[in-house]
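Report on the structure given below.
Ligands are counted one by one from 1 in listed order, and the atoms in each one are counted from 1 as well. Count residues from 1 along the sequence. Since the model is a prediction, treat every value here as computed from it, not as a measurement.
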Amino acid sequence: MKVTVIGCWGGFPKVGEATSGYLLQEDGFNLLVDCGSGVLSKVQSYIAVEDLDAVIISHYHADHIADIGPLQFGRLVKSHTGKTLAKLPIYGHRFNETEFKKLTYKEFTAAEEYNPAMPISVGPFEIAFLQTKHAVPCYAMRIEGGSHTVAYTADSSFQEEFFPFFRGADTLLCESNLYKGMDGTSVGHMTSEEAGIVARESRVGKLILTHLPHFGELEQLVPEAKEQFHGDVVLAEEGFVWEGE
Ligand SMILES: [Zn+2]
Ligand SMILES: [Zn+2]
């Protein structure tokens, strides 16, 4: 499995960059996990809009769904100027019916419900869900494809429920929207230190810190996480690639 970070910023995109978006590729299948602000522009550095096979959304905050509309228009325009495209499935939960319905657009994209109690198959991927601690219903994902497992916290404050859910994953995309010593419970986010604890207790192979803050010194996040987790820790950035290690 190949994972490419398309966007790694929390809340809003840094100049010329994007908020949450991760391209997962396996066996010729292209899955986009979250589609935040700037993602549609950035993802085209790696794959054509018409080559996306599926999209899955963790929750309906703007920094994870802002570019769904442009993606839908992109599929429309491409289908009028090139080959006819298959309807693109966009998977989302149904605890916000208004937002869920927006995932469908004419014959170009189709809202596909995931029931978080049930793992789903999307192409070559098996995806399981765990509710996070966030302001709106949000789901962490455990994504298995080929011989590898990728864990993704989406947005959440710290919870021990992550430990068994992520257990033994090869790599963990963990939000670290805050620095060590801050309190993320009220804002629904984690610190670098908590990301390290999640990685350690879940015994993952690698920790990728993402959903990054727009304040402070980002370089501090890695050593703060490393105090808790002694495996490899890296800061996400656009274009960062993880391939099963
Ligand atoms: Zn977010
Ligand atoms: Zn959020």
Side-chain angles (χ1 to χ4, degrees), residues 3-24 31-43 55-71 90-100 102-103 111 114 116 127 129-143 150-159 161-162 165-166 172-179 182-195 198-199 207-216 218 221 225 235-238 240:
V3 178
T4 305
V5 174
I6 305 300
C8 61
W9 295 100
F12 66 99
K14 191 172 163 179
V15 175
E17 300 196 25
T19 61
S20 295
Y22 308 92
L23 180 63
L24 274 59
L31 170 69
L32 180 65
V33 178
D34 281 339
C35 189
S37 178
V39 166
L40 196 68
S41 171
K42 290 295 171 185
V43 77
V55 179
I56 191 163
I57 298 298
S58 62
H59 67 303
Y60 301 113
H61 270 162
D63 57 330
H64 298 253
I65 56 166
D67 274 8
I68 290 291
L71 170 62
I90 305 179
Y91 294 83
H93 69 66
R94 208 157 182 166
F95 301 109
N96 182 330
E97 190 66 15
T98 305
E99 293 293 344
F100 176 76
K102 290 181 190 169
L103 303 180
Y114 63 73
I127 307 174
F129 304 93
L130 176 75
Q131 184 158 18
T132 72
K133 285 185 164 177
H134 201 51
V136 297
C138 177
Y139 293 90
M141 299 175 207
R142 181 186 176 94
I143 305 172
V150 170
Y152 172 47
T153 60
D155 288 8
S156 187
S157 52
F158 180 80
Q159 59 173 357
E161 287 81 354
F162 283 137
F165 181 66
F166 292 148
L172 170 63
L173 288 159
C174 188
E175 78 128 279
S176 177
N177 205 39
L178 302 168
Y179 292 85
M182 297 178 74
D183 181 3
T185 48
S186 62
V187 290
H189 292 294
M190 277 189 278
T191 68
S192 48
E193 180 177 39
E194 290 166 334
V198 171
L207 172 59
I208 303 169
L209 300 174
T210 191
H211 203 279
L212 301 174
H214 290 273
F215 56 91
L218 290 180
L221 296 172
L235 212 50
E237 60 178 339
E238 190 216 327
F240 175 84

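H211 is listed as a side-chain neighbour of H64, based on a closest heavy-atom distance under 4.5 Å. With a 4.5 Å cut-off on side-chain heavy atoms, T98 and Y60 do not count as touching. Contact check for L212 versus W9: side-chain heavy atoms found under the 4.5 Å cut-off.
Here the CZ atom belonging to F162 is positioned 6.0 Å from the OG1 atom belonging to T132, to the nearest 0.5 angstrom.
A donor-acceptor pair shorter than 3.5 Å cannot be found between the side chains of H61 and D155.
Here the options are E194, K133, E175, the test is side-chain hydrogen bond (donor to acceptor under 3.5 Å, both in side chains), and the partner is H189; only E175 passes.
Protein N/O/S atoms found under 2.8 Å from the Zn ion (ligand 2): H59 NE2, H61 ND1, H134 NE2, D155 OD2.
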